[in-house]
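Let me begin by presenting the structure, written as structure tokens, before commenting on it.
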Number of protein chains: 2
Amino acid sequence: MDLAPLPGFRDFFPDRAARREYLFARWRETARRFGFEPYDGPPLESVELYRRKSGEEIVGQLYAFTDKGGREVALRPEMTPTLARMIGTQGASQPKPIKWFSMPQLFRYERQQRGRLREHFQFNCDILGEASIEADVELVALLVETLASFGLTARDFSVKVSDRLLLVAVLEALGIADGAARAQVFAAVDKLSREPREKVREKLVASGLAARTTDDLLELLAAHDLSRLASRFETAPQVAERVLTLQRFFGLLECMGLGGFAEFDPTIVRGLDYYTGIVFEAFDREGKLRAISGGGRYDDLLENLGGTPLPALGFGMGDVVLGEMLTERNLWPAKPEGGLQIYLVLVEEALRPKMLALGHTLRRAGFRVDYSLATLAVGKQFRAAAQRHAAVAIVLGPEEWLRGAVKLKDLASREEREVSVAELEKALASLPS
Amino acid sequence: MDLAPLPGFRDFFPDRAARREYLFARWRETARRFGFEPYDGPPLESVELYRRKSGEEIVGQLYAFTDKGGREVALRPEMTPTLARMIGTQGASQPKPIKWFSMPQLFRYERQQRGRLREHFQFNCDILGEASIEADVELVALLVETLASFGLTARDFSVKVSDRLLLVAVLEALGIADGAARAQVFAAVDKLSREPREKVREKLVASGLAARTTDDLLELLAAHDLSRLASRFETAPQVAERVLTLQRFFGLLECMGLGGFAEFDPTIVRGLDYYTGIVFEAFDREGKLRAISGGGRYDDLLENLGGTPLPALGFGMGDVVLGEMLTERNLWPAKPEGGLQIYLVLVEEALRPKMLALGHTLRRAGFRVDYSLATLAVGKQFRAAAQRHAAVAIVLGPEEWLRGAVKLKDLASREEREVSVAELEKALASLPS
């Protein structure tokens, strides 16, 4: 038997599965705290759904095949097309704004590189049906709180925020109004974080931008300064308006106490064509990792996909980079949630029926309880309890049992005391959940 | 845009997604209470993995295709082959017994019939490395408790338990020792719940069984009586031994207070060839639905798959029949877990920054809070609060705010009182989670 999973796929043994559950639980809880509701779609969709959004070239990256009914289908590479499809059927009847989250596993058939995955899980949060900047604030606040729920602070990460509309207004004010030229500038700006400024400058000039305009633009982009943009383009009302909107955006985040987490960075473009307003990416401040999360406003996308016209915005956050970040910062919980609390130790096999009854009572009461299914020496049972990181052991010995009691042993402090069975649940009430 | 999902696949809109989360949460919690640990594998595996277990005929039912690397792959139709593969890599190093659970989505390409699904989610629980009957007891206790966690009682369902080894011993005592004849009897017995007894009798006789032996066997199977089997086959030690084992099995369940949930039913065979001991199925007592869950012991399977030889047993429980059962019994929670608790109502837009700050503080404190992102009349905000089933509304009015207070309104009782912002979290402490 070939024991490895398919290349690019992961097995989740219990340690890794517990960490995945930890991520999912924080994702779910945080979304719920912000009033987002869960949704999900099928992991398999029609290829047409992705072709419509991303063009024919996406098909080459899909896990795509023809099914037995002759349908061209693909394992979902992203969630937005499914969301658009679902909103198309029920979007009109849902109260607005729609605030939905999901945690799909996504798939890409990329050329196999060392450690490069073909699947990952992604936290997706979207707000649909609200055009105001308040929705952008809400979404970025959720992103920040999600990362904060893992113990990450403003010293660990920052959300870099830009605005497509502001950049368009600035380009127009600089005389770059043509769509094709603008797209070239966007593409060049997108490279600023990865390529030397000089190289980007060359590209811009090569694409037809005047050298002076290029320098002007690059300097403005480098400044990360909204007020400076405002005063530089005093006479361009579109620039002024978007500056005000962005100032309101940052101001409202400030009100929520999240000012330190977000910063204006006009070099954030995000490659995807369909963004129409504020865009953002969350980055590790040490700059070691790829973006932890990214998103923005895509007001035209749903309609362009043939669905309901609704203003919309969202972000995605994958489990892989986030997991690397938590490892990097040593933020994984030492004891995973849901782990064993109580191990029952049986001194004499004759008491097994009593132990099963007690164990069942405790499990019913909500405690996480285990015991040896086979006859085992007491020492080995204690070893099993330690291996499983149980917090306490309850020892059923024949003498204590005759007195209606058991020994309760704290496995960390090694303290031990006799507790009557009737008092046991009370004595266990302080166990960490 | 074609708005429907692929045939046989489900979209999970928030109501349905919340129900799915409810199922998953109970599954996870119950498994954890029994000391089971989570695991998962990839949804895509090599076809070879399934061919090895189930033969070439399984391939016709798989969502199978050739990937871009020329590999024959399939969406997983069941979890056991993945489990066997994973145990093959780490089974030797894991402390025994291994108690693992997972909740995979599984796929079958079945001919499309009305409402017939091509995917479902399945709760899988397995114990590996323990040959004693105590493991069978533990597994069936977990099955019972899982169903009980949804409010199902012994009046709603029963776990019918049989034993392959007992049936083999009985057949041997009746003179049916040949493997092929035994397989035919197993297949005929498997039909007893769906076909008239007379038809099953004809089949058995046609397969070469003497008429008297056939009647004898059918009567024994119909009796569902272990002691009767024991006295009928006093001189067959294998029968006696398995009767004792089964009596211990039921006795230990009785000790756990679960006696009323399980019954001996020797007509339970379970079609799958690989079971080697106790087998069981959980049924709706009203008999309206298909089996809710099924499983048993498969001590030889892991080795036969080319992996680690380990005694093993497990069960699977799908989300579809279980969901139908909860609908049938009206046991879905009226208010899904994780729903909204607090809706903030803004009387004057000027207070929005204060509302955002307050909302964020409450969310940080763990409350699930929402508010309108747009300016909305107070009446409409209350309507949104009701639509979202919030428990309370917090009204930010300019006068109260000047006094450092808000109005707290219970949306069920419609009672309203003024609470100072400083006291607000305390006043909300009694909100149902």
Side-chain angles (χ1 to χ4, degrees), chain A residues 1-3 5-6 9-14 17-18 21 32-35 37-46 65 68 73 85-86 88-90 95 97 100 105 109 119 130 132 134-135 138 141 252 255-257 305-307 338 340 353 356-357 360 363 367-370 373-374 384 387, chain B residues 1-3 5-6 9-14 17-18 21 32-35 37-46 65 68 73 85-86 88-90 95 97 100 105 109 119 130 132 134-135 138 141 145 252 255-257 305-307 338 340 353 356-357 360 363 368-370 373-374 384 387:
Chain A
M1 177 158 57
D2 187 356
L3 294 175
L6 290 171
F9 285 83
R10 291 171 292 174
D11 283 334
F12 291 85
F13 286 90
E21 282 202 354
R32 289 295 210 166
R33 282 195 279 126
F34 277 69
E37 296 180 289
Y39 78 100
D40 195 10
L44 201 68
E45 292 270 16
S46 163
F65 60 102
K68 291 174 180 169
V73 296
R85 186 178 58 66
M86 289 175 66
T89 71
Q90 293 200 7
W100 282 4
Q105 190 171 18
Y109 197 94
E119 52 78 21
E130 181 54 55
S132 74
E134 278 73 8
E138 178 83 348
L252 291 175
C255 291
M256 296 168 102
L305 285 173
L340 201 64
L356 290 182
H360 201 71
R363 284 169 171 173
F367 294 107
R368 297 186 298 274
V369 181
D370 212 352
L373 297 171
Q387 245 168 356
Chain B
M1 175 157 59
D2 186 357
L3 295 175
L6 290 171
F9 284 83
R10 291 172 291 175
D11 282 335
F12 290 86
F13 285 90
E21 282 202 352
R32 289 296 211 166
R33 282 194 279 125
F34 277 69
E37 295 180 288
Y39 78 100
D40 195 10
L44 202 68
E45 292 269 16
S46 163
F65 59 101
K68 292 174 180 169
V73 296
R85 186 178 60 64
M86 289 174 66
T89 71
Q90 293 200 7
W100 282 5
Q105 191 172 19
Y109 197 94
E119 52 79 19
E130 181 53 55
S132 74
E134 278 74 7
E138 178 83 349
E145 280 301 291
L252 291 175
C255 292
M256 295 166 104
L305 285 173
L340 201 65
L356 290 182
H360 201 72
R363 286 169 171 173
R368 298 186 298 274
V369 181
D370 212 353
L373 297 171
Q387 246 168 355

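All values below were derived from every heavy atom in this structure, side-chain atoms included, with hydrogens, water molecules and symmetry-related copies excluded. Sequence lines set the chain letters: A, B, ... in the order given, protein chains first and strands last, and positions in each chain run from 1. No experiment lies behind these values; they were computed from the predicted model shown.
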Identify which part of [X] has an atom lying under 4.5 Å from any heavy atom of chain A, answering side chain, backbone, both or neither.
X        : result
B:Pro38  : both
B:Arg363 : both
B:Thr89  : both

- Message: Test your reading of the model: is there a side-chain donor-acceptor pair from B:Arg85 to the backbone of A:Leu3, 3.5 Å cut-off?
- Response: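 Yes: the side chain of B:Arg85 pairs with the backbone of A:Leu3.
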
Below 4.5 Å, heavy-atom pairs only: which of [options] has the largest tally toward chain A?
options                              : value
B:Gly41, B:Gly338, B:Ala17           : B:Gly338
B:Arg10, B:Lys68, B:Glu145, B:Glu134 : B:Lys68
B:Ser46, B:Pro43, B:Pro42            : B:Pro42
B:Glu37, B:His360, B:Gln387, B:Glu45 : B:His360
B:Ala357, B:Gly257, B:Pro14          : B:Pro14
B:Trp100, B:Phe9, B:Phe13            : B:Phe13

- Message: How long is the straight-line distance from CD of B:Glu138 back to CG of A:Leu373, given to the nearest 0.5 Å?
- Response: 5.0 Å

- Do B:Phe34 and A:Asp370 come within less than 4.5 Å of each other through their side chains, counting heavy atoms only? no

- Check: A:Glu21 and B:Arg32 side chains under 4.5 Å, non-hydrogen atoms: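 Yes, at least one pair of side-chain atoms sits under 4.5 Å.
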
Less than 4.5 Å to any heavy atom of chain B: does that hold for the side chain of [X], its backbone, both, or neither?
X        : answer
A:Tyr109 : side chain
A:Leu340 : side chain
A:Glu119 : neither
A:Pro5   : both

- Message: So which residue, A:Val73, A:Leu6, A:Leu252, A:Leu356, ends up with the most heavy-atom pairs under 4.5 Å with chain B?
- Response: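 Sorted descending by pairs with chain B, the first entry is A:Leu6.
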
- Message: Please find the pair of heavy atoms, one from B:Met86 and one from A:Phe12, that lie closest to each other, and give the distance.
- Response: CE-O, 3.6 Å

